[in-house]
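Here the structure is a predicted model, which is why all the values come from computation and not from measurement. Heavy atoms only: backbone and side chains are in, while hydrogens, waters and symmetry mates are out.
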Amino acid sequence: MRIVVTGLAGQVVSSMIERAPRDVELIALGRPQLDLARRDAVLATLRAARCDVIVNAAAYTAVDKAESEPDVAMRVNGDGAGYVAEIAAELRAPLIHLSTDYVFDGMLNRPYREDDETNPTGAYGLSKLVGEQKIAAICGNHAILRTAWVYSPFGANFVKTMLRLGETRSEVGVVADQQGNPTYAIDIANAVFAIARRLSTDSSPSLRGIFHMTGAGEATWAEFAACIFAEAAARGRAPVAVKRITTADYPTPAKRPANSRLDNSRLTHAFGIVLPDWRQSTKTCVARLLAPGAA
């Protein structure tokens, strides 16, 4: 199976490159060759790739910066997703698209289901929602995977930030009034490969549409941080206390959802996929990052 994934250095792309099965030819395409903001480049590059499955993992992910340049975010996450959908429809290739919890406003008091009303509160979330809508309108052969709170050994993310802060601080203030599902990018990659196999061989409508896909279990950012520091301490790092703060204590340009929890039942029912518990995956990630010789 030949899979093309958009992006070169993102957490999910890096994880897919590392975890690609032996019988999968994985081709990662990114800028300057593939610029999601340029329709001609997207169509020509993906057409030439002659793939069996397309995974759209590239995105504008600077959530706060998007508030000051919403047009840029929309060109990449909204229009760009539409361009990828165009070529997927032309090639009759299944399209797997990575989306986000930011399409919701976070006001529900339970985990969000796929059919719950969307209401993004910022430019990033709006751009990702428009991308979802364009894909649904253009390419019926798609699986949109909404995930959240992604971390990994690659790139910039919460786990790496906490470990860095823990090197010089005995206490770190972390938001305790936002809930979500920490999700390991390597777990996402493994699931994406399994979903790609099913989509390439099974035309069932139940395998198409929107699916929520996050790590099992839920936490606040403060609880997530406490787990990271506990795992680090178990590997010889100095203990770090977590000071629980509120969202108001840590203002950001983009509003964060108070509730980012996603219900993954539809994914499990359709594909039989359940991502590992976030605590176990966090332990795995921290162990890797603190292993002797780790970069």
Side-chain angles (χ1 to χ4, degrees), residues 9-19 59 61-66 98 100-102 106 122 124 147-190 213-262 275-295:
Q11 294 189 78
V12 173
V13 175
S14 297
S15 298
M16 290 184 67
I17 291 171
E18 179 176 286
R19 298 295 297 172
T61 58
V63 175
D64 288 323
K65 192 175 180 181
L98 274 293
T100 175
D101 59 296
Y102 277 79
Y124 168 72
T147 191
W149 291 26
V150 179
Y151 65 96
S152 71
F154 314 110
N157 58 71
F158 185 77
V159 171
K160 295 176 78 172
T161 297
M162 291 300 104
L163 291 176
R164 176 175 52 80
L165 293 175
E167 289 184 295
T168 57
R169 302 184 190 182
S170 60
E171 182 180 80
V172 176
V174 185
V175 171
D177 57 359
Q178 297 173 21
Q179 290 182 295
N181 312 105
T183 310
Y184 194 30
I186 289 179
D187 294 336
I188 294 174
N190 291 335
M213 189 173 78
T214 58
E218 58 188 50
T220 64
W221 287 112
E223 290 168 341
F224 190 12
C227 180
I228 295 165
F229 291 135
E231 294 298 335
R235 287 161 178 78
R237 284 281 193 96
V240 178
V242 174
K243 179 182 179 182
R244 297 166 63 90
I245 65 175
T246 67
T247 300
D249 294 326
Y250 188 72
T252 55
K255 181 181 179 182
R256 264 59 175 178
N259 174 27
S260 287
R261 295 173 296 161
L262 301 180
L275 266 58
D277 187 272
W278 71 267
R279 299 167 189 84
Q280 182 58 48
S281 292
T282 298
K283 180 178 181 179
T284 300
C285 186
V286 171
R288 175 169 170 173
L289 288 168
L290 297 184

| Within the distance-only criterion (no hydrogens, no angle test), does the side chain of Asp101 pair as donor or acceptor with the backbone N or O of Ser260 below 3.5 angstrom? | no

| Of all pairs that satisfy side-chain hydrogen bond (donor to acceptor under 3.5 Å, both in side chains), the ones with a partner from residues 231-254, not counting sequence neighbours | Asp177-Thr247, Gln178-Thr247, Glu231-Arg235, Thr246-Asp249, Thr252-Arg256

| message | Around atom CZ of Arg279, are there more than 12 heavy atoms from other residues, nucleotides or ligands closer than 6.0 Å? | response | yes

| task | Could you check Asp64 against Tyr124 for side-chain contact (heavy atoms from CB on, under 4.5 Å), going step by step and ending with a plain yes or no? | result | CA-CA 8 Å; Asp64 288 323; Tyr124 168 72; over 6 Å; no

| note | Those residues at least two apart in sequence (or on a different chain) that pass side chain to side chain contact (heavy atoms under 4.5 Å, CB included) with Ala62 are Tyr60, Lys65

| task | Taking side chain to side chain contact (heavy atoms under 4.5 Å, CB included) as the test, write out the residues that go with Ala225, two or more places apart. | result | Phe158, Met162, Val174, Phe229, Val242

| message | Any side-chain to backbone donor/acceptor pair from Thr214 onto Thr183? Under 3.5 Å, distance only. | response | no

| request: State, to 0.1 Å, how close Pro153 and Ile186 come at their nearest heavy-atom pair, and which atoms those are. | output: CD-CD1, 4.2 Å

| note | Contacts of Thr61 meeting side chain to side chain donor-acceptor pair (under 3.5 Å) (sequence neighbours excluded), chain-then-number -> none

| said: Test: ring pair (Phe, Tyr, Trp, His ring centres under 6.0 Å). Region: residues 165-185. Which pairs qualify, not counting sequence neighbours? | reply: Tyr151-Tyr184

| Taking only residues two or more places apart in sequence or in another chain, which ones pass salt bridge (charged side-chain N to carboxylate O under 4.0 Å, His left out) with Glu218? | Arg261

| query | Can any side-chain N or O of Asn181 pair as donor or acceptor with the backbone N or O of Leu262 at less than 3.5 Å? | reply | yes

| Spatial distance of atom CD1 (Ile17) from atom CZ (Phe154) [nearest 0.5 Å] | 8.5 Å

| Audit row: Thr220, Val175, side-chain contact (heavy atoms from CB on, under 4.5 Å) steps and yes/no | CA-CA 7 Å; Thr220 64; Val175 171; over 6 Å; no

| said: Could you work out, with side chain to side chain contact (heavy atoms under 4.5 Å, CB included) as the rule, every residue matching Pro239, not counting sequence neighbours? | reply: none

| task | List for me each residue that meets side chain to side chain donor-acceptor pair (under 3.5 Å) alongside Ser152, sequence neighbours excluded, and say none if there are none. | result | Gln11

| For Ser15, all residues meeting side chain to side chain donor-acceptor pair (under 3.5 Å), sequence neighbours excluded | none

| Restricting to pairs with a member in residues 159-176, which pass side-chain hydrogen bond (donor to acceptor under 3.5 Å, both in side chains), not counting sequence neighbours? | none

Indicate every side-chain donor-acceptor pair of residues 284-292 with a distance under 3.5 Å to a residue at least two apart or in another chain.
unit_1, atom_1, unit_2, atom_2, d
Thr284, OG1, Gln280, O, 3.1
Arg288, NH1, Glu18, OE1, 3.4
Arg288, NH1, Glu18, OE2, 2.8
Arg288, NH2, Glu18, OE1, 2.6

| note | Contacts of Trp149 meeting ring pair (Phe, Tyr, Trp, His ring centres under 6.0 Å) (sequence neighbours excluded), chain-then-number -> Trp221

